[in-house]
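This report refers to the structure that appears directly beneath it.
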Amino acid sequence: MDEVKQLVSDIKSKNLKPIYFLMGEESYYIDKISDFIEDNVLAEEERGFNQMVLYGRDVTVEDIVGNAKRYPMMAEHQVVIVKEAQDLSRTIEKLASYAESPQPSTVLVINYKYKKIDKRKSLYKAIKKTGIVFESKKLYDNQVADWIRRVLSPQNYTITPKAAQMLVEFLGTDLSKISNELEKLQIILPEGTQITPDHIEENIGISKDYNNFELRKAIGERNALKAYKIVNYFADNPKENPMVVTVSLLFSFFSQLLHFHGLADKSPRNVASALKINPYFVNEYITAARNFPMRKVSAVVSALREFDVKSKGVGSNAVPQGDLLKELLVRIFN
């Protein structure tokens with residue numbers, strides 16, 4: 001995120017590079033940087049003659065180079081943006097010769113989503129010398145909640161740890177989807193609001209009581225009644241609560257419990273650091289560790305591996321998801 005801020009700052013101050021090659025698994029920042037260049041490098045009256053958007057599926061590398069070599073009309077720069085450039089992955093190396101000596105009055109933006117170019121080859125080396133190569137990496141699950149807080153902070157919003165966790169569990173690590181939901185909340189809620197699980201439930205439709213976060217907590221507390229209620233809700237709403245996601249999140253939780261049991265220093269600060277979790281959730285792990293000794297945790301991890309396979313339809317003989325989850329709870333609690 002700091003690298004993105006620096007890029008945006010440089011563009012604002014007109015410290016422009018002739019090539020911006022934006023690549024990587026996380027499309028959110030690629031879109032944000034490209035859109036910022038599209039909206040801010042040229043004045044509105046300059047864009048008609050000096051800004052064009054191309055699509056990788058419709059052009060060749062030679063087309064891109066031909067457009068990039070044009071001179072601007074009545075402006076200091078022209079902007080050429082190539083979206084979905086990953087469609088040119090087989091020929092993208094041909095851009096290397098242009099990248100070695102790019103047109104200084106052109107700002108060429110290449111959006112190369114979900115892939116990376118080979119850093120050992122000529123194109124990467126040429127752009128590193130003359131322009132910017134930005135790699136947008138996918139965030140890990142444990143990084144997304146903090147990203148949510150950082151995105152909301154400049155907008156004068158805050159969010160409770162549980163509400164952030166609900167978004168992560170429901171939407172995964174897709175930053176574009178999360179950003180869209182956050183924007184909806186900011187339209188509905190007044191500035192200065194702390195976003196809570198109630199806000200998430202009312203406006204996004206994620207149940208604050210019946211979700212994987214609450215299931216994990218109930219299991220950690222050995223609250224079988226609550227756990228079975230949640231599983232029954234999942235059984236009635238299988239599309240919104242796919243078993244494969246539930247098993248994956250429980251596997252991650254119990255794997256972290258194994259790590260917890262192996263820690264010499266079990267102080268809250270060290271636990272949060274070692275397990276890479278928000279300090280808010282440390283007590284849940286401490287409680288779960290009391291209820292699940294290391295030997296039992298190992299048995300649960302083994303059971304979760306077995307049910308992960310079953311959740312994908314292997315060896316389960318079309319057993320309903322709800323029945324599999326109930327069977328899994330029996331294995332966990334016994």
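Any value given below was found using the heavy atoms of this structure, including those in side chains, with hydrogens, waters and symmetry copies removed.
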Exercise. Just jot down the ring pair (Phe, Tyr, Trp, His ring centres under 6.0 Å) partners of Phe170, sequence neighbours excluded, or say none.
Key: none
Could you list the donor-acceptor pairs under 3.5 angstrom formed between side-chain atoms of residues 252-260 and any protein atom two or more places apart in sequence or on another chain?
unit_1	atom_1	unit_2	atom_2	d
Ser255	OG	Phe251	O	2.7
Gln256	OE1	Tyr285	OH	2.6
Gln256	NE2	Leu275	O	3.2

Take a 6.0 Å sphere around [atom1] of [X] and say whether it holds more than 12 heavy atoms from other residues, nucleotides or ligands.
X	atom1	value
Lys229	NZ	no
Glu76	CD	no
Lys296	NZ	yes
Lys266	NZ	yes

Quiz item: Does any non-hydrogen side-chain atom of Asn67 lie less than 4.5 Å from one of Thr106?
Solution: no
Quiz prompt | Test side-chain hydrogen bond (donor to acceptor under 3.5 Å, both in side chains) applied to Arg149 - qualifying residues, sequence neighbours left out | solution = none
Practice problem: May I have the step-by-step check of side-chain hydrogen bond (donor to acceptor under 3.5 Å, both in side chains) for Asn223 and Lys217, ending in yes or no? | Solution: CA-CA 8 Å; Asn223 186 340; Lys217 185 177 179 182; over 6 Å; no
Salt bridge between [X] and [Y], side-chain N to carboxylate O under 4.0 Å?
X	Y	value
Glu327	Lys310	yes
Lys119	Glu135	yes
Lys17	Asp10	no

Looking only at non-hydrogen atoms, find the nearest pair between [X] and [Y] and report the distance.
X	Y	result
Gly24	Lys116	CA-CG, 4.4 Å
Ala227	Ile219	CB-CG1, 4.3 Å
Glu25	Lys115	OE2-N, 4.3 Å
Ile64	Leu108	CG2-CD1, 3.9 Å
Phe234	Tyr210	CE1-O, 3.7 Å
Met166	Lys208	CE-CA, 3.6 Å

Exercise. Indicate the ring-plane relationship of Trp147 and Tyr28, choosing parallel, tilted or perpendicular according to the 30° and 60° boundaries.
Key: perpendicular
Practice problem: Verify, without hydrogens or angle tests, whether Lys14 (side chain) and Val41 (backbone) share a donor-acceptor contact under 3.5 angstrom. | Solution: yes
Exercise. Would you confirm whether Arg70, through its side chain, and Asn50, through its main-chain N or O, come within 3.5 Å as a donor-acceptor pair?
Key: no
Quiz item: Do Asp265 and Ser267 have a side chain donor and acceptor closer than 3.5 Å?
Solution: yes
Practice problem: Return yes if a side-chain donor-acceptor contact under 3.5 Å exists between Thr60 and Asp63, otherwise no. | Solution: yes
Quiz item: Think Lys32 forms a cation-pi with Tyr29, using NZ or CZ under 6.0 Å from the six-ring centre and within 45 degrees of its axis?
Solution: no
Quiz item: Looking at Glu201, Glu214, Glu284, which hits salt bridge (charged side-chain N to carboxylate O under 4.0 Å, His left out) with Lys162?
Solution: Glu214
